[in-house]
Novice: 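I am attaching a structure below and will ask some questions about it afterwards.
Computed from heavy atoms alone, side chains included, the values below leave out hydrogens, waters and symmetry copies. In this text the structure is predicted, and so the values were computed from the model without any measurement. Ligands are counted one by one from 1 in listed order, and the atoms in each one are counted from 1 as well.
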Amino acid sequence: MHPFFLERPRDLEAAIALRAQAGRNDAPVEYIAGGTDMVQLLQEYVRRPERLVSLAGLLDNRIEVGPQGLRLGAAATMAEVAAHPGVIEQFPVISEALLESASPQVRNQATIGGNLLQRTRCPYFRDVGYEACNKRAPGSGCAAIGGENRWHAVFGTSENCIAAHPSDLAVALVALDAVVEVKGADGERAVPLVDLHRLPADTPHIETVLEPGEVIAAIVVPASPVARRSHYLKVRDRASFEFAVVSAAVALEMDGTRIQQAHIALGGVGTKPWRVPQVEAALGGASLDLAPLQKAAALAAAGAQGRGHNDFKIELMQRAIVRAVETAGARA
Ligand SMILES: Cc1cc2nc3c(=O)[nH]c(=O)nc-3n(C[C@H](O)[C@H](O)[C@H](O)COP(=O)(O)OP(=O)(O)OC[C@H]3O[C@@H](n4cnc5c(N)ncnc54)[C@H](O)[C@@H]3O)c2cc1C
Ligand code: SF4
């Protein structure tokens, strides 16, 4: 395990000041929250910070449901959010995405702020035995493009990185137009979650728009007529303790038996959580019959680029959309 000093600042301002001095991604000073991702990466020498700044006790962990929507303090654990009665009743896609993530032990320890910032599960990123990984070692190449890429993305890729974003929660939240409240040395700002993660382009090691020292303080999900009739469908290689091969977060507003409004985000297929507005538009006014759902879902394939082993995801994501819309639409 990579050795480090653990800092326990007295308040959030002190934590931000410590981290802000150290620069952008993979800096010599990094935050640690629940530690479930960070510690694995330290164990494998993928991340080598000199100091870790603990966020324990410094961030809000409240879960508030009201007429304006849902507010989640970043320190709330995955288990707490998944089990909250207001989340289960009014935002089921969030609870489902969390319950389909990781294991009960991990969910008890992991925070939702850390969940959004966990690193990719690309096996070449997580194994320092492979030299070529632009995300871990900028300029070294990408072992996945010519290698085993079954788990990798078909949207948002570049010739420098094709790693899929791993978070299930982020996919559900992007479908619901969530906004992230960020605090930093220069004050507070709000970032739509769909804009938080950057495409890899030619700098895959810079994964988010966060400035050095900025923390995710809370996540806000606005009240919406689609939130209640929502569903998360996750396709994975085994039934538990596994990341998504493909997932679909669907939220619907129905007018009788017809879809009035659809929000759809996909996981496992994008370098970041991936909205499919062309599918959403095609579902407006559609019935829940199989033919119109399949026709709309087929539009998701536009712009998808398989790399060989992951070509099957292009068909699989369409099937996932159809199944998830059927399930969400059948909800009362
Ligand atoms: C065995 C296993 C299986 C898993 N399966 C899944 C799965 O199926 N689906 C899924 O979505 N996830 C899965 N995960 C990932 C898990 O959800 C994340 O590890 C966890 O949510 C990270 O939260 P944490 O609080 O432990 O973050 P940490 O590990 O402490 O931190 C993660 C990163 O976020 C940064 N950070 C943390 N909090 C903040 C903040 N508030 N502001 C700014 N930066 C911050 C840290 O600096 C670090 O870079 C799995 C993990 C394990 C170990
Ligand atoms: S896909 Fe990205 S994370 Fe994986 S080896 Fe290539 S550069 Fe590294």
Side-chain angles (χ1 to χ4, degrees), residues 12 15-16 19 25-27 29-42 46-47 49 52-56 58-60 73-79 97-103 105-127 130-149 151-153 157-172 180-184 196 200 204-205 207-208 210 213-219 234 236 240-244 247 267-268 271 273 307:
L12 187 58
I16 289 171
R19 173 65 187 85
N25 288 38
D26 290 316
V29 184
E30 292 281 8
Y31 290 130
I32 184 165
T36 58
D37 193 41
M38 179 58 89
V39 171
Q40 273 194 343
L41 294 169
L42 296 170
V46 175
R47 303 188 76 172
L52 287 175
V53 179
S54 174
L55 293 171
L58 304 184
L59 289 170
D60 189 5
T77 65
M78 294 168 72
L98 286 166
L99 290 175
E100 301 244 329
S101 299
S103 64
Q105 292 90 337
V106 173
R107 294 195 297 268
N108 281 336
Q109 173 71 15
T111 66
I112 56 163
N115 183 282
L116 300 183
L117 296 175
Q118 62 177 294
R119 307 299 294 275
T120 181
R121 305 309 286 197
C122 170
Y124 302 107
F125 171 77
R126 290 194 172 246
D127 185 344
Y130 292 97
E131 281 181 18
C133 175
N134 287 321
K135 196 182 271 303
R136 174 165 41 76
S140 62
C142 172
I145 288 178
E148 173 60 59
N149 49 46
W151 305 279
H152 292 73
T157 60
S158 74
E159 291 311 307
N160 297 301
C161 182
I162 59 171
H165 195 270
S167 166
D168 292 295
L169 173 65
V171 177
V180 175
E181 290 180 2
V182 169
K183 282 188 184 164
L196 178 72
H205 59 293
E207 297 185 338
T208 72
L210 294 180
E214 282 189 324
V215 290
I216 294 180
I219 298 156
K234 179 169 174 176
R236 47 188 164 172
S240 70
F241 216 41
E242 190 57 274
F243 289 83
S247 69
T271 52
R307 301 280 177 162

Novice: So is Glu242 polar-close to ligand 1, meaning N/O to N/O under 3.5 Å?
Specialist: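 Right, the criterion is met.
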Novice: Should you measure from each heavy atom of Leu55, which atoms of ligand 1 turn up under 4.0 Å away?
Specialist: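 Listed by number with element, the hits are 38 (N), 39 (C), 40 (C), 41 (N).
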Novice: Counting heavy atoms only, which of Leu59, Asp168, Leu117 is nearest atom 36 (N) of ligand 1?
Specialist: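 Of the listed residues, Leu117 has the closest heavy atom.
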Novice: Keeping the roles fixed (side chain from Asp37, backbone from Arg119), state whether a donor-acceptor pair exists under 3.5 Å.
Specialist: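 At least one qualifying donor-acceptor pair exists.
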Novice: I'd like to check whether Val106 has a polar contact with ligand 1, where a contact means an N/O of the residue lying under 3.5 Å from an N/O of the ligand.
Specialist: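 The answer is no, given that Val106 and ligand 1 share no N or O pair closer than 3.5 Å.
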Novice: Does ligand 1 have an atom under 4.0 Å from some heavy atom of Lys234?
Specialist: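 Distance cut 4.0 Å: Lys234 passes for ligand 1.
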Novice: Can you list the residues that meet the side-chain hydrogen bond (donor to acceptor under 3.5 Å, both in side chains) rule with Asp168, with sequence neighbours excluded?
Specialist: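 side-chain hydrogen bond (donor to acceptor under 3.5 Å, both in side chains) list for Asp168, sorted by chain: Ser101, Tyr232, Lys234.
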Novice: Do Ser247 side-chain atoms and Ala244 backbone N/O form a donor-acceptor pair below 3.5 Å?
Specialist: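 No, the answer is negative, given that no donor and acceptor are paired below the 3.5 Å cut-off.
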Novice: For Thr157 and Arg307, run side-chain contact (heavy atoms from CB on, under 4.5 Å): C-alpha distance rounded to whole Å, both residues' side-chain angles, the deciding distance at 0.1 Å, then the answer.
Specialist: CA-CA 10 Å; Thr157 60; Arg307 301 280 177 162; 3.4 Å; yes
Novice: Are any of the heavy atoms in Arg107 under 4.0 Å away from ligand 1?
Specialist: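 No; Arg107 lies far enough from ligand 1 that no heavy-atom distance drops under 4.0 Å.
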Novice: Where the closest heavy atom to atom 32 (C) of ligand 1 is concerned, which of Ala102, Ala56, Ser103, Gly114 has it?
Specialist: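 Closest candidate by heavy-atom distance is Gly114.
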Novice: Out of Arg47, Gln118, Glu30, who is nearest to atom 48 (C) of ligand 1 when you count heavy atoms only?
Specialist: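 Among Arg47, Gln118, Glu30, the closest heavy atom to atom 48 (C) of ligand 1 belongs to Arg47.
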Novice: I want to check something: taking the side chain as every heavy atom from C-beta on, are Arg107 and Leu99 in contact at a cut-off of under 4.5 Å?
Specialist: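 Side-chain contact under 4.5 Å: yes.
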Novice: Does Ala163 offer a backbone N or O that forms a donor-acceptor pair with the side chain of Thr271 under 3.5 Å?
Specialist: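 Side chain of Thr271 to backbone of Ala163, a donor-acceptor pair under 3.5 Å: no, none is there.
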Novice: Under a heavy-atom criterion of less than 4.0 Å, does Arg119 contact ligand 1?
Specialist: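 Flag not set, Arg119 not near ligand 1.
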Novice: Please check this pair: side chain of Tyr31 against backbone of Gly213, looking for a donor-acceptor N/O pair closer than 3.5 Å.
Specialist: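 Yes; judged by distance alone, with no hydrogens or angles, the pair exists.
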Novice: Ile219 versus Leu116: any side-chain heavy-atom pair under 4.5 Å?
Specialist: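 Yes - at least one pair of side-chain heavy atoms lies under 4.5 Å apart.
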Novice: Ligand 1 and Met38, any nitrogen or oxygen pair closer than 3.5 angstrom?
Specialist: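 There is such a contact, yes.
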Novice: Please examine the side chains of Asn134 and Phe125, heavy atoms only from C-beta on, and report whether any two atoms are closer than 4.5 Å.
Specialist: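 A side-chain contact under 4.5 Å is absent here.
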Novice: Considering only heavy atoms of Met78, which atoms of ligand 1 have at least one such atom less than 4.0 Å away?
Specialist: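 It comes down to these atoms of ligand 1: 17 (O), 21 (O).
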Novice: At less than 4.0 angstrom from any non-hydrogen atom of Gln40, what atoms of ligand 1 do you find?
Specialist: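 Selected atoms, number and element: 53 (C).
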Novice: Could I get the full list of salt bridge (charged side-chain N to carboxylate O under 4.0 Å, His left out) partners for Arg136, not counting sequence neighbours?
Specialist: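 So Arg136 forms no salt bridge (charged side-chain N to carboxylate O under 4.0 Å, His left out) with any residue.
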Novice: Roughly how far, to the nearest 0.5 Å, is CG of Leu196 from CG of Leu210?
Specialist: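 Separation between the atoms: 5.0 Å.
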Novice: Output yes when a side-chain donor or acceptor of Glu214 lies under 3.5 Å from a complementary backbone atom of Gly184, and no otherwise.
Specialist: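 Absent.
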Novice: Are any of the N or O atoms of Ile32 closer than 3.5 Å to those of ligand 1?
Specialist: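 It does not: no N or O of Ile32 is found under 3.5 Å from an N or O of ligand 1.
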Novice: Of the listed options (Ile16, Thr36, Leu98, Leu58), which comes nearest to atom 16 (C) of ligand 1 when hydrogens are ignored and any heavy atom counts?
Specialist: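 Closest candidate by heavy-atom distance is Thr36.
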Novice: Evaluate side-chain contact (heavy atoms from CB on, under 4.5 Å) for Glu148 paired with Tyr124, printing each intermediate quantity in order.
Specialist: CA-CA 9 Å; Glu148 173 60 59; Tyr124 302 107; 3.4 Å; yes
Novice: Side chain or backbone of Pro166 under 4.0 Å from ligand 1, or both, or neither, by non-hydrogen atoms?
Specialist: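 For Pro166, the contact with ligand 1 is made by the backbone alone.
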Novice: Pull out every atom of ligand 1 sitting under 4.0 Å from any heavy atom of Ala33, numbered as shown with elements.
Specialist: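 Near Ala33, meaning under 4.0 Å from one of its heavy atoms, ligand 1 has 25 (O), 30 (O), 37 (C), 38 (N).
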Novice: Sequence neighbours left out, what passes side-chain hydrogen bond (donor to acceptor under 3.5 Å, both in side chains) with Gln118? Give chain and number order.
Specialist: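 Checked Gln118 against side-chain hydrogen bond (donor to acceptor under 3.5 Å, both in side chains); zero matches.
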Novice: Just jot down the ligand 1 atoms closer than 4.0 angstrom to any heavy atom of Ser167, in number order.
Specialist: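 Atoms satisfying the 4.0 Å criterion: 11 (O).
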Novice: May I ask you to check if ligand 1 and Asn115 share an N or O to N or O distance below 3.5 Å?
Specialist: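 Between Asn115 and ligand 1, an N or O pair is found under 3.5 Å apart.
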Novice: Counting from 1, what ligand 1 atoms have a heavy atom of Gly34 closer than 4.0 Å?
Specialist: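 Numbered from 1, ligand 1 contributes 24 (P), 25 (O), 26 (O), 30 (O).
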Novice: Quick one: do Thr77 and Asn108 satisfy side-chain contact (heavy atoms from CB on, under 4.5 Å)? Show the steps, please.
Specialist: CA-CA 6 Å; Thr77 65; Asn108 281 336; 5.6 Å; no
Novice: Run down the list Phe241, Tyr31, Phe243 and name the one with the heavy atom closest to atom 46 (C) of ligand 1.
Specialist: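 When every heavy atom of Phe241, Tyr31, Phe243 is considered, Tyr31 comes closest to atom 46 (C) of ligand 1.
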Novice: Do Leu42 and Leu52 come within less than 4.5 Å of each other through their side chains, counting heavy atoms only?
Specialist: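 Counting from C-beta outward, Leu42 and Leu52 do come under 4.5 Å.
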Novice: Going by the order shown, which atoms of ligand 1 are within less than 4.0 Å of some heavy atom of Asp37?
Specialist: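 Atoms satisfying the 4.0 Å criterion: 19 (O), 29 (O).
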Novice: Which of these, Thr111, Leu52, Leu41, has its nearest heavy atom closest to atom 25 (O) of ligand 1?
Specialist: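 Result: the heavy atom closest to atom 25 (O) of ligand 1 is in Thr111.
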Novice: Does Arg126 reach the main-chain N or O of Gln40 with its side chain, forming a donor-acceptor pair under 3.5 Å?
Specialist: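 No, the answer is negative, given that no donor and acceptor are paired below the 3.5 Å cut-off.
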Novice: To the nearest 0.1 Å, how far is atom 28 (P) of ligand 1 from its closest protein heavy atom, and which atom is that?
Specialist: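 Its nearest protein heavy-atom neighbour is Gly35 N, 3.5 Å.
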Novice: Between Val39 and ligand 1, is there a nitrogen or oxygen pair with a distance under 3.5 Å?
Specialist: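 The answer is no, given that Val39 and ligand 1 share no N or O pair closer than 3.5 Å.
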Novice: Listing by chain and number, what protein N/O/S atoms are under 2.8 Å from atom 6 (Fe) of ligand 2?
Specialist: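 Protein N, O or S atoms closer than 2.8 Å to atom 6 (Fe) of ligand 2: Cys142 SG.
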Novice: What residue and heavy atom of the protein are closest to atom 41 (N) of ligand 1, and at what distance?
Specialist: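 Atom 41 (N) of ligand 1 sits closest to the protein heavy atom Ile216 O, 3.0 Å.
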Novice: Does a side-chain heavy-atom distance below 4.5 Å link Thr120 with His152?
Specialist: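 Not in contact.
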